[in-house]
Amino acid sequence: MARSSTLNKESLVKLGAERLADLLLDEAEGNGPLKKLVMAALAAARGPDAIAAIVDKRLAGLERASGAIGWERVKSFSDDLAAVLKIITGDLAKADAEMAADRLLRFLATADRTLSRTDGSDGEAAHVYHAAAAALPALVGKLSQAQNASLADRLYALAAGSRYRVVLESMPEIIGQSPGSVVDALDTRLASAVSSLGPIDESDRDWNKRMRVRHLIELRQHIADSRGDVDAFIALETSLPGLRPDAADIAERLARAGRHREALDWLRRPTGSTIRMLRVEDIEAGLPPRDPAAERRARLEIDVLEAMGERSEARALRRKSFETTLDAEILRDHLAHLPDFEDVDALDAAFAHALASPLSYAALRFLVAWPRLDLAGSLVVERRAQWDGRRYEILAQAAEALDSAHPLAATILYRALIDSILARGQSLAYPHAARYYSKLDSLAAREDPNWPIEPAQTYRAGLKSRHGRKHGFWGLAEATGRPGKALGDDA
């Protein structure tokens, strides 16, 4: 049997120019974006002016249009925008990078008008404009001296005057590729805009004004970063209205500049009250709400201490971070930085800390992840009365890990999981409960009379007594290979 044709450049070349032209003409008739790309490719043979004429026609339309674009047309409209962008960054950029840069700036200047007509800042059209912003740094340095005269104003309009601000993520790269005179002019324009808004103190409740000033200052900080001017960045950071300076941002830049003592001073300044975050994994592990900024500051402080040669302080901070979070990766990093032969004692101390920690779920997660299943099993048995099956992400994983070598601990956890599901009548979780119940069957065969929990037969009878009417569960339990007579009851 002959092999099926493969769609690649080599196989298409074999079709011949005439056949390909026929196919392309047929498709282009009903495909506007493709037709634009084909027309631009043909125009390329006549020079950059011919390509630019195609782009200019579409840009003029975008600059004038104001009617709303219904949801049913957004996809085709966005495809058309993408084709225009591809022509600018493709055929036109190859033919004349300066003309391409100018058109790309014009294209980006239509973002506010266009996005207000379509699906706003999160839709398909917005993705095209963000792609255009990402393409600008490679072209902005190609502008002529005459065009550079207006570049600062054009960048200001895109970054500071735009409602949708699609260039924000690309501003550091755009600034980095722009001529120094343009960056200086942009910074002056931004500073003037901040000054015109007047001073803002803690009592000022004009939140729009606050946000405006904050945005303008953050743009100036991008410029300070591009110049490597740490002191200018700090001055701007400490002038942000309504916000405490971000010590980590400041310290990070000071450390990069080799100013480690100053970085350390910033990291150790009192931070005052801050928003705390409670992640899902923290809830599961029983950890208290955490300050994400504090975690970042701790990581930076460790790096700064290492750079200063203060290795004992860095080690102490790593140890403290582990003791706070019981995070296995933090411990691995701590051990890796210890002198030879000290890691064994440090590891024993870490295990002892986990076993004594009141954060039972975090300790169990750590011991299973390390793994030290013997200690995890001991922890489960010692705290057997407190495990809550609602923490199933941790308990189910731990039970499975302990199943083989630590049957008592696994039994305790599987029972906690089953009891929780049935007590709350979680019918959607009955398949999981039935699977855990089946696990108990194999574990019962390894039961020891000295186990400090009720025997398997007693547990099963009690479960049937408490939840005998939950037929959905019992049906699934029997379907997983547990006939009623094997359960120790008369069901």
Run the side chain to side chain donor-acceptor pair (under 3.5 Å) check on Ser116 and Tyr164 step by step: do they pass? CA-CA 9 Å; Ser116 66; Tyr164 292 98; 5.3 Å; no

Of all residues at least two apart in sequence or in a different chain, which pass the side chain to side chain donor-acceptor pair (under 3.5 Å) check with Gln397? none

Just jot down the side chain to side chain donor-acceptor pair (under 3.5 Å) partners of Gln145, sequence neighbours excluded, or say none.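 Per chain and number, Gln145 pairs via side chain to side chain donor-acceptor pair (under 3.5 Å) with no residue.
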
For Leu37, enumerate each residue passing the side-chain contact (heavy atoms from CB on, under 4.5 Å) test, keeping only those at least two apart in sequence or located in another chain.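 If we apply the side-chain contact (heavy atoms from CB on, under 4.5 Å) test to Leu37, skipping adjacent residues, the hits are Ala83, Lys86, Ile87.
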
List for me each residue that meets side-chain contact (heavy atoms from CB on, under 4.5 Å) alongside Arg435, sequence neighbours excluded, and say none if there are none. His432

Output the distance between atom CZ (Arg227) and atom CZ (Phe233), rounded to the nearest 0.5 Å. 14.0 Å

Kindly compute the distance separating NE2 (His127) from OG (Ser78), expressed to the nearest 0.5 Å. 9.0 Å

For the backbone of [Y] and the side chain of [X], can you confirm whether one donor and one acceptor N or O come within less than 3.5 Å of each other?
X      : Y      : result
Ser239 : Leu236 : yes
Thr114 : Ala111 : no
Glu63  : Thr110 : no
Ser438 : Ala434 : no

Any chance OH of Tyr156 has more than 12 other-residue heavy atoms, nucleotides or ligands included, within less than 6.0 Å? yes

Lys209, NZ atom: more than 12 neighbouring heavy atoms under 6.0 Å: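 Counting other residues, nucleotides and ligands, NZ of Lys209 exceeds 12 neighbours.
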
Identify which one of Arg253, Arg256, Arg220 satisfies the side chain to side chain donor-acceptor pair (under 3.5 Å) criterion when paired with Asp225.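 Exactly one pass, corresponding to Arg253.
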
Can you spot which of His334, Glu306, Glu313 makes a side chain to side chain donor-acceptor pair (under 3.5 Å) with Arg318? Glu306

Test item: Val304 and Glu301 side chains (from C-beta on) under 4.5 Å apart, heavy atoms: no

Check: residues 130-144 side-chain donor-acceptor pairs under 3.5 Å, at least two apart:
| from | atom 1 | to | atom 2 | distance (Å) |
| --- | --- | --- | --- | --- |
| His130 | ND1 | Val166 | O | 3.3 |
| Ser144 | OG | Glu98 | OE2 | 3.1 |
| Ser144 | OG | Gln147 | N | 3.2 |
| Ser144 | OG | Gln147 | OE1 | 3.4 |

Member of Leu402, Asp403, Asp419 meeting the side-chain contact (heavy atoms from CB on, under 4.5 Å) criterion with Tyr414: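 Looking at Leu402, Asp403, Asp419, the match for Tyr414 under the side-chain contact (heavy atoms from CB on, under 4.5 Å) is Asp403.
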
Could [X] and [Y] be called an ion pair, given the rule that one side-chain N must be under 4.0 Å from one carboxylate O?
X      : Y      : result
Asp187 : Arg189 : no
Arg332 : Glu329 : yes
Asp327 : Arg365 : no

Trp387: what forms a ring pair (Phe, Tyr, Trp, His ring centres under 6.0 Å) with it, not counting sequence neighbours? Tyr361

Residues Arg390 and Ser420: side-chain donor-acceptor under 3.5 angstrom: no

